Amino acid sequence: MVLTRWGRVRRWAAAIAVSAAAFATTATTTSQEAAAVPERDWLHVQGNRIVDLEGNRVWLTGANWFGFNASERVFHGLWSANITELTAAIAQRGINIVRVPISTQLLLEWRAGQTVARPNVNTFANPELANMNNLQIWDFWLALCERFGIKVMLDVHSAEADNSGHIYPMWFKGTITSEQFYTAWEWVTQRYRDNDTIVAMDIKNEPHGTPNSPPRAKWDGSTDTDNFKNACQVAGRRILAINPNLLILCEGIEVYPRPGETWNSPNTDPDLSPNYFYNWWGGNLRGVRDFPVDLGANQDQLVYSPHDYGPLVFNQPWFQVPFTKATLTTDVWRPNWLYIHEENIAPLLIGEWGGRLGQDERQDRWMTALRDLIVDEGLHQTFWVINPNSGDTGGLLLDDWRTWDEQKYNLLRPALWQFNNKFVGLDHQVRLGGAGSTTGINLAERYGSGPIDSTAPSTPTGLTVTGTTSASVSLSWNAATDNVGVTGYQIFRNGAIVNTAPGTSFTDTGLAGGTTYTYTVRARDAAGNTSAASTAATGTTQPGGGGGNSGCTATYRSTNNWDGGFQGEVTVTNTGTAQIRGWSVALTLATGRSISNVWNGNLTGTTVTNAGHNGALAPTASTNFGFVANGQSTDAVTVASCTTN
C-alpha cells in the first residue's frame with residue numbers, strides 16, 4: 001500500500017520569524033504574505049538547517065524503534081503492546097519522527113516477494129494485525145504514522161536480518177554484496193516514492209572497525225569497497241535519482257588517521273601512542289572536512305548523523321577523567337562532528353544517544369550535557385530507544401511496553417520540538433497526535449500569522465527550597481510577567497536544565513542522598529524568549545537510607561501466555577520515607593512451574609534481586625522486572641515477600 005497526499009491543499013496564514021533565544025520555538029521565513037500550506041511534507045537543507053518546502057525551519061526530534069532489522073523481521077513489543085495505542089502514545093509524547101532499523105536482507109526478501117506469514121505478534125493484543133504478514137504490518141504502521149502525524153526515517157542497521165547484525169562493521173556481508181545493498185535501497189525508495197510519511201534514509205548504521213581487525217570502514221576520496229564515504233555517496237545518489245526529495249543521512253565511522261598518518265599506518269594502543277583518532281561506532285566524522293559527501297545536484301538533501309553514548313555503554317578515555325559539557329564539546333564533540341554544524345557545512349542529526357539513568361553519575365552527567373547541547377544548538381536527534389529490551393541502554397518504555405519511564409522521558413522532553421506548550425509535528429495538515437490532538441500541532445498551526453514577539457519575560461524572584469527528602473528537592477518561586485504571557489519555567493540544577501514546569505513550583509527527584517544542589521529558574525514565553533536566571537537557591541538532600549522507615553511492596557501480573565509457557569511482570573514500589581538502595585522479591589511458584597529467563601533483575605532459585613540500574617528507589621518510586629516461565633499461567637505465581645537493602 002502506497003499512501004499519497006495529492007489534493008490535500010489548504011490555505012494558511014503567513015509564517016513568522018521569532019526570537020532565536022531557543023531553537024525549540026524558532027524559525028525563519030522569507031515573507032509574511034499569505035501562502036498555501038505545502039501539499040507535501042518533503043524536507044530540504046539550507047546550510048546547517050533543515051527546512052520545509054516553504055523554507056520554514058523544522059526540528060526533527062524523535063526516537064528509534066527496532067525489530068524489523070532483527071531475526072523476527074517485525075517491530076519488537078507487538079508480543080504484548082497494541083500497535084495503534086503505542087503509535088498514538090509516541091505521537092502524543094512529542095516524538096515527531098521515528099528512526100526504524102531494517103536490514104538489507106529484509107528489503108531483498110520483500111523485493112523477491114518473500115514475507116513472514118506469521119510474525120511474532122500477539123493478535124489478542126493486536127486484533128487489527130490478524131492474518132497480516134510482516135510487510136502488510138509495515139504498511140499498516142505507515143498508515144498509522146500518517147494518521148498521527150509522525151514522520152519516518154529508514155535505517156539499514158545491518159546487512160543480515162540478525163539481532164546482533166549491527167556488530168559486523170560493514171554494509172556488505174556474506175552473500176550480500178555492495179551492489180545488493182544499493183539495489184535494496186533503490187527498491188524501497190521506488191515502492192514508497194510518493195509517500196511523504198517516509199522523509200529520510202539513514203544509509204548504514206554505525207560503520208566501524210579498526211586497522212588491526214579488518215574488515216574496517218574508512219573515509220577518504222577513493223572508490224574502494226571499504227570506503228564508507230563513497231558507499232554513502234553512491235547509495236544517496238541512486239536513491240535521489242528515484243526520489244530527489246528524501247533526506248540522505250551519512251553516519252561517521254570509528255577511527256580516522258591522525259595528521260601525517262594514512263589508512264595504511266599501523267594501529268597501536270589508542271591509550272598510548274595512537275596513529276588514529278578513535279570515537280564511537282558511526283561517531284567519527286573528521287573526514288568530512290577533507291572528503292565531504294557529494295550528492296551532485298541534490299546536495300541540499302545531505303545530513304550527517306553521528307552517534308554518541310555514555311560510559312555505561314563503553315568507558316571511553318574521556319569518561320575516565322573529570323569532564324563537563326564544555327570539555328566534552330572541546331575534546332570530543334567539536335573535533336568529531338560538531339564543527340560540521342558550527343561551520344554551516346550541513347545539518348547534524350544525532351541518530352542514537354541515550355542510556356540508563358541513576359546507575360552511574362557520569363552517565364547521567366553525560367546524557368544531560370548532550371541533551372543540553374542538542375537544545376542549545378538546535379541539533380536534530382532520534383533518541384535510543386523506545387524498546388525496553390535494549391540491553392545496554394534500556395528504553396523509554398518499561399518492560400510491559402505500555403508504561404513510560406518518566407524519569408528518562410523528562411530528561412528527553414526539553415529536546416522535543418515545542419511551541420506554545422504544544423509539541424510540533426513535521427506534517428502540514430495532520431497534528432502530531434492526530435486529528436483533535438490536545439498535545440500537538442502541525443506545521444501550518446506552528447507558522448500562523450501574527451506580530452513578532454521579541455520581549456523576554458521578567459526574571460523570576462523569590463526562588464526558595466520548600467522541602468527535601470533523601471532523593472528530592474522541592475522548589476517554589478514568584479511568577480514572572482511578560483508582554484504576551486509566560487508559558488513555563490526552565491529549572492536548572494548546577495547550571496544544567498533538568499526540566500520545565502508550567503507553574504511556580506517543582507520537585508526535582510531521583511537525587512543522591514546527603515548532597516547539596518544549586519538551582520536557578522528562567523521564565524519562558526510562547527515565542528521562545530527566556531528571562532535572565534533567578535537568584536540561586538541551594539538545597540541539601542537528607543542522608544540516603546536514614547531518617548525514615550524503609551519497606552517495599554511487590555505486585556505480580558501475567559502479561560502473556562501460550563501453550564506451555566507464560567510471561568509475567570512484578571512491580572516493586574518503595575513504601576518507605578527514605579531512598580532504598582536495593583530490593584529482593586521472593587516468589588512462590590505453583591507445582592510444575594519454573595522460571596527460565598529474567599530481565600531487569602537477578603534470579604537465584606525463586607528470589608529476584610535488583611539489577612545494577614534499578615535498585616535505588618526514592619520514596620513512592622517504582623520499578624519492575626519481567627520473566628518467562630514454563631507451564632500454565634493460571635494461579636502460577638504469588639509474591640511471598642519484598643525486602644529492602
Side-chain angles (χ1 to χ4, degrees), residues 43-45 48 50 69 99-104 107 153-159 165-166 168-173 176-189 198-209 215-256 263 279-307 336-337 340-341 345-352 380 382:
L43 302 174
H44 303 279
V45 168
N48 65 2
I50 299 177
N69 58 301
R99 178 176 178 261
V100 182
I102 55 175
S103 71
T104 300
L107 296 181
M153 177 197 312
L154 289 182
D155 150 52
V156 166
H157 215 66
S158 57
H166 64 285
Y168 191 76
M170 310 301 277
W171 46 100
F172 51 86
K173 182 184 180 185
I176 296 176
T177 65
S178 293
E179 180 56 32
Q180 288 177 312
F181 170 71
Y182 301 139
T183 299
W185 269 122
E186 289 176 319
W187 176 82
V188 73
T189 303
I198 301 176
V199 297
M201 305 301 206
D202 187 349
I203 300 302
K204 174 62 177 72
N205 177 72
E206 296 183 353
H208 62 276
R216 59 92 180 92
K218 69 176 182 179
W219 189 293
D220 63 15
S222 73
T223 58
D224 294 344
T225 303
D226 58 359
N227 176 20
F228 181 66
K229 177 262 181 183
N230 182 68
C232 196
Q233 184 169 290
V234 171
R237 287 186 174 217
R238 289 171 71 160
I239 289 169
L240 293 169
I242 299 170
N243 183 352
N245 297 300
L246 290 166
L247 295 177
I248 301 298
L249 277 71
C250 293
E251 299 187 25
I253 52 177
E254 181 180 2
V255 301
Y256 193 74
W263 286 103
N279 199 15
W280 296 103
W281 291 0
N284 195 326
L285 282 162
R286 292 173 184 263
V288 170
R289 185 178 298 283
D290 295 324
F291 305 103
V293 171
D294 180 6
L295 296 180
N298 296 306
Q299 192 69 11
D300 63 347
Q301 298 304 122
L302 175 64
V303 178
Y304 290 105
S305 184
H307 291 185
N336 280 295
W337 43 263
I340 296 171
H341 168 81
I345 296 170
L348 290 175
L349 187 149
I350 302 176
E352 291 185 18
H380 308 275
T382 49

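Quick caveat: nothing in here was measured; it's all calculated off a predicted structure. When reading the values below, keep in mind they use all heavy atoms of this one structure, side chains included, and skip hydrogens, waters and symmetry mates. If you read the sequence from its start, that first residue is 1, and numbering goes on from there.
- Applying the side-chain hydrogen bond (donor to acceptor under 3.5 Å, both in side chains) criterion to H166, with sequence neighbours excluded, gives no partner residue.
- No donor-acceptor pair closer than 3.5 Å links the side chain of E206 to the backbone N or O of W280.
- A side-chain donor-acceptor contact under 3.5 Å links Q299 to the backbone of L295.
- Taking A159 as the reference, K173, I176 meet the side-chain contact (heavy atoms from CB on, under 4.5 Å) condition, with sequence neighbours excluded.
- The one candidate from D202, T382, N205 that meets the side-chain contact (heavy atoms from CB on, under 4.5 Å) condition with E352 is N205.
- At a threshold of 4.5 Å between non-hydrogen side-chain atoms, the residues L240 and Q301 count as touching.
- A donor-acceptor distance shorter than 3.5 angstrom exists from the side chain of R237 to the backbone of D294, with no hydrogens or angles considered.
- Every residue meeting the ring-ring contact (aromatic ring centres under 6.0 Å, His included) condition with F228, not counting sequence neighbours, appears here in chain and number order: W171.
- Taking the side chain as every heavy atom from C-beta outward, V255 and K218 never approach each other to under 4.5 Å.
- Inter-residue side-chain proximity for I50 and V303 is flagged as met; some heavy-atom pair is nearer than 4.5 Å.
- Looking only at side-chain heavy atoms (C-beta outward), V288 and W219 come within less than 4.5 Å of each other.
- The backbone N or O of H341 sits less than 3.5 Å from a side-chain atom of N48, completing a donor-acceptor pair.
- Listed by chain and number, the residues in a side-chain hydrogen bond (donor to acceptor under 3.5 Å, both in side chains) with S222 are D220, D224 (sequence neighbours excluded).
- Between N230 and V293 the shortest side-chain heavy-atom distance does not fall below 4.5 Å.
- Contacts of R238 classified as side-chain hydrogen bond (donor to acceptor under 3.5 Å, both in side chains), with partners at least two apart in sequence or in another chain: E179, E186.
- Taking Q180 as the reference, nothing meets the side-chain hydrogen bond (donor to acceptor under 3.5 Å, both in side chains) condition, with sequence neighbours excluded.
- With S305 as the fixed residue, the side-chain contact (heavy atoms from CB on, under 4.5 Å) test singles out one of L249, I248, L247: L249.
- No side-chain donor-acceptor contact under 3.5 Å links E251 to the backbone of P306.
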